[in-house]
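Everything below concerns the one structure shown next.
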Amino acid sequence: MESFMKLERAVNDFVWGPIMLALLVGTGVFLTFRTGWVQVRWFGYIMKHSVGSLFRKKDVQDHGSNLSPFQAVTTALAGTVGTGNIAGVTGAIFIGGPGAVFWMWVSAFFGMCTKYSEIALALKFRDTGANGVHKGGPMYYIENGLGRNWKWLAVAFALLGGLASFGIGNIAQSSEIAGAVSGLFGLDPLVTGIALTVLVAVVVLGGVQRIGQVTSLLVPFMSVFYVAAGVIVILMRITDLPAVLSSIFSSAFGMRPFAGGVGGYAIMLAMKNGFARGVFSNEAGLGSAPIAHAASSTQEPAEQAIWGVFEVFFDTIVICSITAFTVLLSGFELSEAALAGYASKGAAAVAAFNAILPGTLGGTIIQLSMVFFALSTILSWSYYGERCWGYLSRDNKVVTSIYKVIFVLFCIVGATGSGDLMWNISDTLNGAMAIPNLAALLLLSGTVAAITREYFKDKN
């Protein structure tokens with residue numbers, strides 16, 4: 001077992017190591033050039049016609065058995081906005097220093113184009129069943145876009161995604177929920193696990209439409225709740241914000257010592273943690289979110305794809321930045337040794353909020369946010385896993401039904417804290433999903449460029 005765990009750690013170090021992170025960000029850079037800097041040139045249009053469209057009166061439409069464009073993006077955001085936005089960002093700053101925030105922003109800037117491209121391809125090459133239900137994602141645009149000779153790559157992605165859904169999409173999230181509920185109400189993890197299982201079953205067994213309906217309510221609520229709390233925290237120490245911003249940029253380029261290193265070492269430390277947190281948080285390039293977007297009733301690929309730009313912007317530039325600013329405004333010592341003094345990265349985030357807000361109010365906000373973020377992630381990943389196993393079994397209903405039941409029961413496994421090894425393996429599988437997906441994005445970049453030119457040629 002010890003040898004197996006060493007092997008798993010070695011594979012994980014590669015999957016989330018410098019080479020893969022460079023490939024993830026590099027693909028975003030390449031696609032940015034191929035699409036004519038779509039996330040810059042058309043940023044105003046994208047915001048106006050994605051999130052801005054929610055504030056305009058629209059006719060009620062029947063989306064049949066598919067999701068509305070907004071339900072599709074909230075389902076994707078539910079999987080994207082997770083505990084990593086709080087605990088992960090906190091850990092990245094403690095280990096990588098303030099400069100990690102800058103490189104997190106850089107990864108998000110190029111990640112906007114990566115996710116835009118993923119979603120455009122997901123709609124372009126999705127399948128539509130006899131009942132009118134759309135299904136898509138990397139496994140479909142690999143097979144339908146690159147041809148059947150590449151089906152092995154599509155199968156590899158679906159297998160990795162289907163297995164990862166149990167760990168990243170369930171065990172890790174259930175564990176965070178149990179910990180937060182225990183901190184708030186002192187509830188036994190087993191009781192939390194059973195209650196969570198029932199709640200998730202009610203939603204997941206109702207199919208993608210019920211998931212979309214729940215996330216369309218849950219995601220806006222949890223986002224507004226966390227953003228509002230974060231803004232209040234920042235305003236309470238607004239006079240310190242210029243110094244925090246200065247530390248972010250100076251540390252990003254090694255102009256100030258950190259964690260016992262200067263110059264190149266400090267830059268590499270900040271870049272590695274910033275890139276890793278940005279990619280892990282917004283999931284641009286991993287191939288998960290396109291599965292949800294493919295279920296949208298939208299017919300025009302680029303019209304749904306622009307939501308991907310907003311998705312990454314909101315997840316990383318807004319939510320992750322709020323966490324980062326709070327940690328930096330707390331004035332805590334930032335080092336890996338200091339982080340080790342907390343029970344978890346989430347506990348460090350709780351301490352940062354408590355250092356600014358009166359009493360234990362900050363901790364309560366963080367723990368409630370962790371519950372909402374983790375629950376939404378479980379719901380969306382249940383659909384990602386279902387579609388992966390559906391692809392592998394040619395939509396065999398027995399297989400997908402068995403998957404749903406097992407997935408729901410894994411909430412108890414995660415809540416009772418008995419799945420550390422499974423979590424680590426799934427973390428590796430989650431990162432490995434990017435390999436077949438990035439290959440497809442690079443090979444189909446010409447298609448993305450053509451979709452972009454056609455859509456924006458008459459826009460102003």
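As the structure is a prediction and not an experimental result, all values here were calculated from the model.
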Between Phe125 and Tyr140, is the ring centre distance below 6.0 Å? no
Looking only at atom types and distance, does a side-chain atom of Thr316 sit under 3.5 Å from a main-chain N or O of Phe313, one as donor and one as acceptor? no
Which of Pro290, Ser288, Cys113 passes side-chain contact (heavy atoms from CB on, under 4.5 Å) with Glu118? It is Pro290
Ring center gap for Tyr226 and Phe373 short of 6.0 angstrom: yes
Self-check item: Near-ring test Tyr391/Phe157, centroid separation under 6.0 angstrom
Solution: no
If only side-chain N and O atoms count, and only distance matters, is there a donor-acceptor pair under 3.5 Å linking Ser165 with Tyr403? yes
**Request:** Classify the angle between the aromatic ring planes of Phe166 and Phe407 as parallel (below 30°), tilted (30 to 60°) or perpendicular (above 60°).
**Result:** tilted
| query | Would you say Val448 and Arg34 make side-chain contact, with heavy atoms under 4.5 Å? | reply | no
One should read off an interatomic distance between Met104 CE and Thr323 OG1, to the nearest 0.5 angstrom, of 8.0 Å
Shortest non-hydrogen pair, Ala348 vs Leu339, comes out as CB-CD1, 4.0 Å
Nearest heavy-atom contact between Leu218 and Ser376 is CD2-CB, 3.7 Å
Tightest non-hydrogen contact, residues Val327 and Ile93, listed as CG1-CG2, 4.2 Å
So with a 6.0 Å cut-off around NZ of Lys404, is the heavy-atom count from everything else above 12?
yes
Heavy atoms of Tyr384 and Ala76 approach each other most closely as OH-CA, 3.4 Å
Mind checking whether Ile211 and Ser382 have side chains closer than 4.5 Å, heavy atoms only? yes
Rounded to the nearest 0.5 Å, the OG1 atom of Thr192 sits from the CG atom of Leu199 at a distance of 12.0 Å
dist Leu121:CG -> Thr447:OG1 (nearest 0.5 Å) comes out at 6.5 Å
Check whether the side chains of Ser296 and Gln304 place a donor and an acceptor atom closer than 3.5 Å, and report yes or no. yes
Does Thr197 use its side chain to pair, donor to acceptor, with the backbone of Gly193 at less than 3.5 Å? yes
**Message:** Tell me whether Thr326 contacts the main-chain N or O of Ile322 through its side chain, where contact means a donor paired with an acceptor under 3.5 Å.
**Reply:** yes
Shortest non-hydrogen pair, Thr114 vs Ala284, comes out as CG2-C, 4.0 Å
Hey, does the side chain of Asn85 reach the backbone of Ile319 with a donor-acceptor pair shorter than 3.5 angstrom? no
Ring-ring centroid check Trp105 Phe109, cutoff 6.0 Å:
no
Using modelled atom types and a 3.5 Å cut-off, is there a donor and acceptor pairing between side-chain atoms of Ser174 and backbone atoms of Gly414?
no
Checklist line | Ile412 and Leu190, any side-chain heavy atoms less than 4.5 Å apart | finding: yes
Hits for ring pair (Phe, Tyr, Trp, His ring centres under 6.0 Å) against Phe225, two or more places apart or cross-chain, chain-then-number order -> none
Show, in sequence, the C-alpha distance, side-chain angles and deciding distance for Val398 and Ile402, and conclude whether the side chain to side chain contact (heavy atoms under 4.5 Å, CB included) test is met. CA-CA 6 Å; Val398 174; Ile402 291 175; 3.9 Å; yes
Exam field: side chain Gln299 to backbone Ser297, donor-acceptor pair closer than 3.5 Å
yes
Taken to the nearest 0.5 Å, the spacing of Leu444 CG from Ile142 CD1 works out to 8.5 Å
Item to check | Short side-chain donor-acceptor distance under 3.5 Å, Tyr116 and Thr452 | outcome: yes
- Indicate the ring-plane relationship of Tyr45 and Tyr455, choosing parallel, tilted or perpendicular according to the 30° and 60° boundaries. perpendicular
Here the gap from Ile177 atom CD1 to Phe372 atom CZ, rounded to the nearest 0.5 Å, amounts to 10.5 Å
* Asked: Under 3.5 Å, side chain of Ser380 to main-chain N/O of Gly79, donor-acceptor pair present?
  -> yes
When every non-hydrogen atom of Gly346 is compared with those of Ile366, the smallest separation belongs to O-CG2, 4.4 Å
Just checking Leu217: does its CG atom have more than 12 heavy atoms from other residues, nucleotides or ligands closer to it than 6.0 angstrom? yes
> Hey, what's the ring geometry for Phe310 with Phe314, parallel, tilted or perpendicular (30° and 60° as the breaks)?
Replying inline: parallel
So the salt bridge (charged side-chain N to carboxylate O under 4.0 Å, His left out) pairs with at least one residue in residues 286-312 (sequence neighbours excluded) are Lys115-Glu311
Checking the side chain of Gln173 only, and the main-chain atoms of Ile168 only, is there a donor and an acceptor separated by less than 3.5 Å? yes
Worksheet entry | Within 6.0 Å of CH2 in Trp150, more than 12 heavy atoms from elsewhere | no
- Taking C-beta and beyond as the side chain, do Val219 and Met222 meet within less than 4.5 Å on heavy atoms? yes
Exercise. Under a 4.5 Å cut-off applied to non-hydrogen side-chain atoms, are Cys388 and Ile291 in contact?
Worked result: yes
| With a 4.5 Å heavy-atom cut-off, do Asn437 and Met139 have their side chains touching? | no
Rounded to the nearest 0.5 Å, the CG atom of Leu31 sits from the OG1 atom of Thr35 at a distance of 7.0 Å
- Answer yes or no: is there a donor N or O on one side and an acceptor on the other, between the side chain of Trp307 and the main chain of Val73, under 3.5 Å? no
Note to self: Within the 4.5 Å heavy-atom criterion, are Ser107 and Phe110 side-chain neighbours or not?
What the structure shows: no
Across all chains, not counting sequence neighbours, the side-chain hydrogen bond (donor to acceptor under 3.5 Å, both in side chains) partners of Thr75 are Thr215
message = Test side chain to side chain contact (heavy atoms under 4.5 Å, CB included) on Val155 and Glu143; report intermediate values, then the result.
response = CA-CA 9 Å; Val155 170; Glu143 180 178 353; over 6 Å; no
Practice item. Show the numbers, then the answer: is there a side chain to side chain contact (heavy atoms under 4.5 Å, CB included) between Leu196 and Ile378? Key: CA-CA 10 Å; Leu196 182 61; Ile378 290 174; 4.1 Å; yes
Between the side chain of Arg126 and the main-chain N/O of Lys135, is any donor-acceptor distance below 3.5 Å? no
Query - Stepwise side chain to side chain contact (heavy atoms under 4.5 Å, CB included) check, Thr298 with His293 - result: CA-CA 9 Å; Thr298 304; His293 285 280; over 6 Å; no
